[in-house]
K.L.:
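Before I ask anything, let me first share the structure, which is written out below as structure tokens.
We count residues from 1, following the sequence as given.
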Amino acid sequence: ATVSAATPPRASALAAGFLLLCSTASYAGQSCGESELDPQELANALEIAEKTRQYLISQNAQTAIIARVGQDLKKYGLRYSHLGLVYQDKPGHYTVLHELNECGSDRSGLYEEGLGNFFLDDVFAFEVLVMLPPAELQQGLNTAILNKNALKIHFPEYNMLAYPFSDNYQNSNQWGLELIAHVLHNQQSLDRAELQNWLEAEHYQPGIISVDPVSRIGASAFRANVTFTDHPLKQRLNGEYQVVTVESVQQFLQKRYPNLTQQVLSLP
């Protein structure tokens, strides 16, 4: 895989499409197609992007973790669907690096794009969670981006419901968490199984997503980017699946850094 600077297809960017397995609404993971960009949507995306940029500048942020609201996930107890890493590549300018599913296939790519593009994927709400870790972790993440370790940790075999403690697949939020683990562990290991073992030893707690049997069968049969085979048998039997969610990454960082700087930015 290679890092692409191109804008990814707008239909491919939601990390948590698994949460709408039964929905008839359009969401990431479907086949890609052109869609007309609403002028107000563009204006809102640029406004929240500039608001985010100004906040990052005010905090002298080198690297941060940001998350968007791609879907209405209240009934799952979740607010944010997809995270990315944002880093300052030159004074006052920030770029987002994140993993995206490629048009409903079983593959993903790692993309670099501007802050405005990050909010242009038919988001549910123009709101962003910004997490600013301590300077040491910011520097480590920046180094991992610059030396391409962020790319080396990316695994292209995509599964929306990837089990956090298996290296058979990877989803977008899992990539971000494993990159954080790489930096916190020893900044040397690129072995995903080792990083996952470290996360488990450090008491990382994944999110829990409920999927009923009918939805599971339908997703397995008709969705290339959803599989349940990497989850333990107990989870498959009770329909309660452990998944890397934005909130679980947030909780992991909060436990490690009780004074973690966090800010929610939104449009009126």
Side-chain angles (χ1 to χ4, degrees), residues 3-17 19-20 23 25-30 32-74 76 78-101 109-133 138 141-142 145 172-173 175-176 245-247 249-250 253 260-268:
V3 175
S4 171
T7 301
R10 295 180 67 229
S12 68
L14 291 183
L19 296 171
L20 294 179
S23 174
S26 174
Y27 58 95
Q30 293 180 341
C32 291
E34 295 296 325
S35 59
E36 186 176 343
L37 183 62
D38 179 81
Q40 187 59 55
E41 181 185 0
L42 175 59
N44 289 341
L46 294 177
E47 183 177 351
I48 192 68
E50 178 59 16
K51 200 170 186 177
T52 303
R53 188 183 75 88
Q54 291 293 344
Y55 175 73
L56 292 170
I57 291 173
S58 74
Q59 299 297 308
N60 195 29
Q62 181 179 22
T63 313
I65 301 148
I66 63 174
R68 67 188 177 202
V69 183
Q71 301 174 24
D72 183 3
L73 307 178
K74 287 194 297 290
Y76 301 100
L78 301 172
R79 178 63 175 170
Y80 302 98
S81 61
H82 177 79
L83 66 77
L85 293 179
V86 58
Y87 64 97
Q88 186 172 222
D89 49 4
K90 57 185 177 182
H93 185 271
Y94 290 88
T95 294
V96 181
L97 180 66
H98 56 153
E99 178 184 301
L100 300 175
N101 180 219
L110 207 59
Y111 290 87
E112 288 181 316
E113 57 182 346
L115 276 167
N117 283 351
F118 186 74
F119 299 106
L120 270 179
D121 193 37
D122 297 324
V123 296
F124 174 74
F126 287 97
E127 174 182 310
V128 58
L129 169 67
V130 182
M131 292 178 275
L132 290 169
Q138 288 192 42
L141 290 169
N142 188 261
I145 292 170
S172 305
N173 296 334
W175 166 80
T245 61
V246 171
E247 281 79 1
V249 175
Q250 180 186 29
L253 290 173
L260 178 72
T261 301
Q262 302 180 71
Q263 182 69 43
V264 174
L265 304 171
S266 61
L267 299 186

K.L.:
Output the distance between atom CG (N173) and atom OG1 (T245), rounded to the nearest 0.5 Å.
P.N.:
7.0 Å

K.L.:
What is the distance from atom CD of Q138 to atom CG of N60, rounded to the nearest 0.5 Å?
P.N.:
8.5 Å

K.L.:
Looking only at heavy atoms, which two atoms of V130 and A64 are closest? And how far apart?
P.N.:
CG1-CB, 4.3 Å

K.L.:
Looking at V69 and V123, what are the two nearest heavy atoms and their distance?
P.N.:
O-CB, 3.5 Å

K.L.:
For F118, does the six-membered ring have the charged nitrogen or CZ of R68 within the cation-pi criterion, i.e. under 6.0 angstrom from the centroid and within 45° of the normal?
P.N.:
yes

K.L.:
Before you tell me yes or no, could you show the steps for L73 and S81 under side-chain contact (heavy atoms from CB on, under 4.5 Å), namely the whole-Å CA-CA distance, both residues' side-chain angles and the distance that decides it to 0.1 Å?
P.N.:
CA-CA 8 Å; L73 307 178; S81 61; 4.0 Å; yes

K.L.:
What closest approach, in Å, do G116 and A45 show between heavy atoms, and which atom pair accounts for it?
P.N.:
O-CB, 3.9 Å

K.L.:
Side-chain donor-acceptor pair under 3.5 Å between Y94 and Q62, yes or no?
P.N.:
no

K.L.:
Is Y87 close to L141 at the side-chain level, that is, under 4.5 Å between some pair of heavy atoms?
P.N.:
no

K.L.:
If you measure from CD on E50 to CZ on R53, what distance do you get to the nearest 0.5 Å?
P.N.:
4.0 Å

K.L.:
What distance separates L85 CG from E112 CD, expressed to the nearest 0.5 Å?
P.N.:
11.0 Å

K.L.:
Taking the side chain as C-beta and beyond, is there a heavy-atom pair between V86 and L115 under 4.5 Å?
P.N.:
yes

K.L.:
Between Q262 and L129, is there a side-chain heavy-atom distance shorter than 4.5 Å?
P.N.:
yes

K.L.:
Could you walk me through whether L132 and L260 pass the side-chain contact (heavy atoms from CB on, under 4.5 Å) test, one step at a time?
P.N.:
CA-CA 7 Å; L132 290 169; L260 178 72; 5.9 Å; no

K.L.:
Rounded at 0.5 Å granularity, tell me how far CG in L97 sits from CG in D89.
P.N.:
11.0 Å

K.L.:
A side-chain contact here means heavy atoms from C-beta on lying under 4.5 Å apart; do S58 and Y55 qualify?
P.N.:
yes

K.L.:
From R79 CZ over to E127 CD, what is the distance, rounded to the nearest 0.5 angstrom?
P.N.:
4.0 Å

K.L.:
Can you name the nearest heavy-atom pair linking F126 to F119, along with the distance?
P.N.:
CE2-O, 3.5 Å

K.L.:
Looking at side-chain heavy atoms only, is the closest gap between Q250 and Y80 below 4.5 Å?
P.N.:
no

K.L.:
Got Q88 and L56 here, is their nearest side-chain heavy-atom distance under 4.5 Å?
P.N.:
no

K.L.:
So Q59 and T261, do their side chains get closer than 4.5 Å, heavy atoms only?
P.N.:
yes

K.L.:
I would like to know whether E99 and Y111 meet side-chain hydrogen bond (donor to acceptor under 3.5 Å, both in side chains); could you show each step before the answer?
P.N.:
CA-CA 6 Å; E99 178 184 301; Y111 290 87; over 6 Å; no

K.L.:
Which is it for Q40 and N44 under the side-chain hydrogen bond (donor to acceptor under 3.5 Å, both in side chains) test, yes or no, and what are the steps along the way?
P.N.:
CA-CA 6 Å; Q40 187 59 55; N44 289 341; 3.0 Å; yes

K.L.:
Quick one, E113 with H98, criterion side-chain hydrogen bond (donor to acceptor under 3.5 Å, both in side chains). Give me CA distance, side-chain angles, the key distance, then yes/no.
P.N.:
CA-CA 9 Å; E113 57 182 346; H98 56 153; 2.5 Å; yes

K.L.:
Could you tell me whether the side chain of I65 reaches within less than 4.5 Å of the side chain of V246, counting heavy atoms only?
P.N.:
no

